[in-house]
Amino acid sequence: MSSPAIRKGWYIGALLGVIFTATMICLLCAGLWPAIGADDPRIGAPIAILSFGYLVAGTVLALRHTTTHRALPWLIPLAVPLAASLIPWLGMLVQRAYLSSFSVRPVSGEGGLGDVHAGIWMLFVFVATSLLPTAYLGWARFLDSSMGARAPWLSWAPAVALGTGIGVAFSLLVLLTAARSGTENRQLAVTGKDIPEYFGVGAEYACVALPSKDAPYYGNRPPENAPVVIFGQKGDRVEYWDPKSHRKASVRLEDAQVRLVPHIYSHC
């Protein structure tokens, strides 16, 4: 039987592993990997391998010789249709959080596969982070087989409950990061710079002219000499965001002349 010092070392090692993995996922979700140099593959690749290896190996160690492990061959096929239906909805949440800075909503079908990519990313974050307690449980029990008898609090119920809470928290972090990216890109538009694409949400720039003074519009009147930012058309209306007034407005297509231009600094 291992000594108390060795058992304590196993505990600390397993705990450090889960803290490292959670921290790296947190930094990735917040878009802060460049701050630690992880955008360089020579640094980011080992971090990703270590984090992914800890998570997957720990989960396998926790599930082996359990009823859940034996049920996985039929649980996974049942989960695929649920995940497939969730992905577009999750992606729409990410796009909506991003566009909240412009006070507009994403246009369905305008982003191509962008909402699918965003949904897969958010689902991956939720699943990976929700498995963190389970991975810790697997590693700790593997390193010290007598741990289960001495630590009954490390059972499935607390691990699943805690993991679900962590997964939801990290999912909210993804949405907060999307909103922050929208704010940063809105500032780019204000300073006269083009807005980069974000998970399929691409900005277009248009000159909007009203043929008569009596033409109806909602919100601010479109500027005459500068382009506005649009994110797709909704039926017979187009919503636009004016970088000069920092406000959203909309107009019916039949009441205005809309001409796309290549850049936000183009002349109308």
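Here the structure is a predicted model, which means the values were calculated and not measured.
Counting only residues at least two apart or in different chains, ring pair (Phe, Tyr, Trp, His ring centres under 6.0 Å) contacts with residues 18-62 comprise Y54-W139.
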Taking it one step at a time, do Y218 and R237 satisfy side chain to side chain contact (heavy atoms under 4.5 Å, CB included)? CA-CA 10 Å; Y218 179 80; R237 300 191 69 86; 4.0 Å; yes
Quick one, M24 with I36, criterion side chain to side chain contact (heavy atoms under 4.5 Å, CB included). Give me CA distance, side-chain angles, the key distance, then yes/no. CA-CA 10 Å; M24 292 302 105; I36 62 173; 4.1 Å; yes
Residue pair V238, S250: steps toward the side chain to side chain contact (heavy atoms under 4.5 Å, CB included) verdict: CA-CA 6 Å; V238 59; S250 68; over 6 Å; no
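Around the CZ atom of R221, the shell of radius 6.0 Å holds more than 12 heavy atoms that belong to other residues, nucleotides or ligands.
Hydrophobic cluster membership is shared by L82 and V116, with clusters built from Ile, Leu, Val, Met, Phe, Trp and Tyr side chains linked at under 4.5 angstrom. Connection of L93 to V168 is established within a shared hydrophobic cluster, with ILVMFWY side chains joined at heavy-atom distances below 4.5 Å, either directly or through further cluster members. Linking Ile, Leu, Val, Met, Phe, Trp and Tyr residues whenever their side-chain heavy atoms come within less than 4.5 Å places L27 and L50 in a single cluster. Taking hydrophobic clusters as Ile, Leu, Val, Met, Phe, Trp and Tyr residues chained together by side-chain heavy-atom distances below 4.5 Å, L15 shares a cluster with L55. Put simply, V104 and L253 are part of two different groups of oily side chains (I, L, V, M, F, W, Y) that touch within less than 4.5 Å, one to the next.
Separating the CZ atom in F124 from the OG1 atom in T129 is a distance of 9.0 Å, to the nearest 0.5 Å. Here the straight-line distance linking atom OG of S103 with atom CZ of R247 works out to 10.5 Å at 0.5 Å rounding. The structure places SG of C26 at 8.0 Å from CG of L32, a figure rounded to the nearest 0.5 Å. Taken to the nearest 0.5 Å, the CD1 atom of I120 stands 12.0 Å off from the CG atom of L86. In this structure, CG on L175 lies 9.0 Å from CG on L90, to the nearest 0.5 angstrom. Here the CG atom belonging to N220 is positioned 11.5 Å from the NZ atom belonging to K248, to the nearest 0.5 angstrom.
Scanning all heavy atoms of the two residues, the minimum distance from M92 to D115 falls at N-CB, 4.4 Å. Taking all atoms of both residues into account, the shortest heavy-atom contact from R105 to L99 is C-CD1, 3.8 Å. Across every non-hydrogen atom of Y240 and V251, the tightest pair is CE2-CG1, 4.2 Å. Minimum heavy-atom separation, A203 to F231: CB-CE2, 3.7 Å. Across all their heavy atoms, I166 and P133 have their closest contact at CD1-CG, 4.0 Å. Between G31 and T177, the shortest heavy-atom distance links the atoms N-CG2, 4.4 Å.
Scored by the disulfide (SG to SG under 2.5 Å) test, C29 finds no partners at all (sequence neighbours excluded).
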List, one per line, each side-chain donor-acceptor pair under 3.5 Å for residues 255-268, sequence neighbours excluded.
unit_1	atom_1	unit_2	atom_2	d
D255	OD2	R252	NE	2.8
D255	OD2	R252	NH2	3.0
H263	ND1	D194	OD2	2.8
S266	OG	H263	N	3.1
S266	OG	H263	O	3.0

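A salt bridge links D40 with R42: the distance from a Lys NZ or Arg NE/NH1/NH2 to an Asp or Glu carboxylate oxygen falls below 4.0 Å.
Side-chain contact between Y205 and I195 is present, with heavy atoms from C-beta onward closer than 4.5 Å. Side-chain atoms of P222 and D242, non-hydrogen and from C-beta on, never get closer than 4.5 Å to each other. Put simply, the side chain of R64 reaches to within 4.5 Å of the side chain of F142, judged on heavy atoms. At least one side-chain heavy atom of R186 sits under 4.5 Å from a side-chain heavy atom of W241. Between L28 and W121, some side-chain heavy-atom pair lies under the 4.5 Å cut-off. The closest side-chain heavy-atom distance from P196 to L188 is below 4.5 Å. The shortest distance between side-chain heavy atoms of D236 and E254 does not fall below 4.5 Å.
Although no hydrogens or angles enter the test, the distance criterion places a donor-acceptor pair under 3.5 Å between the side chain of T183 and the main chain of A179. Formation of a donor-acceptor pair under 3.5 Å by the S51 side chain with backbone atoms of A48 is not found in this model.
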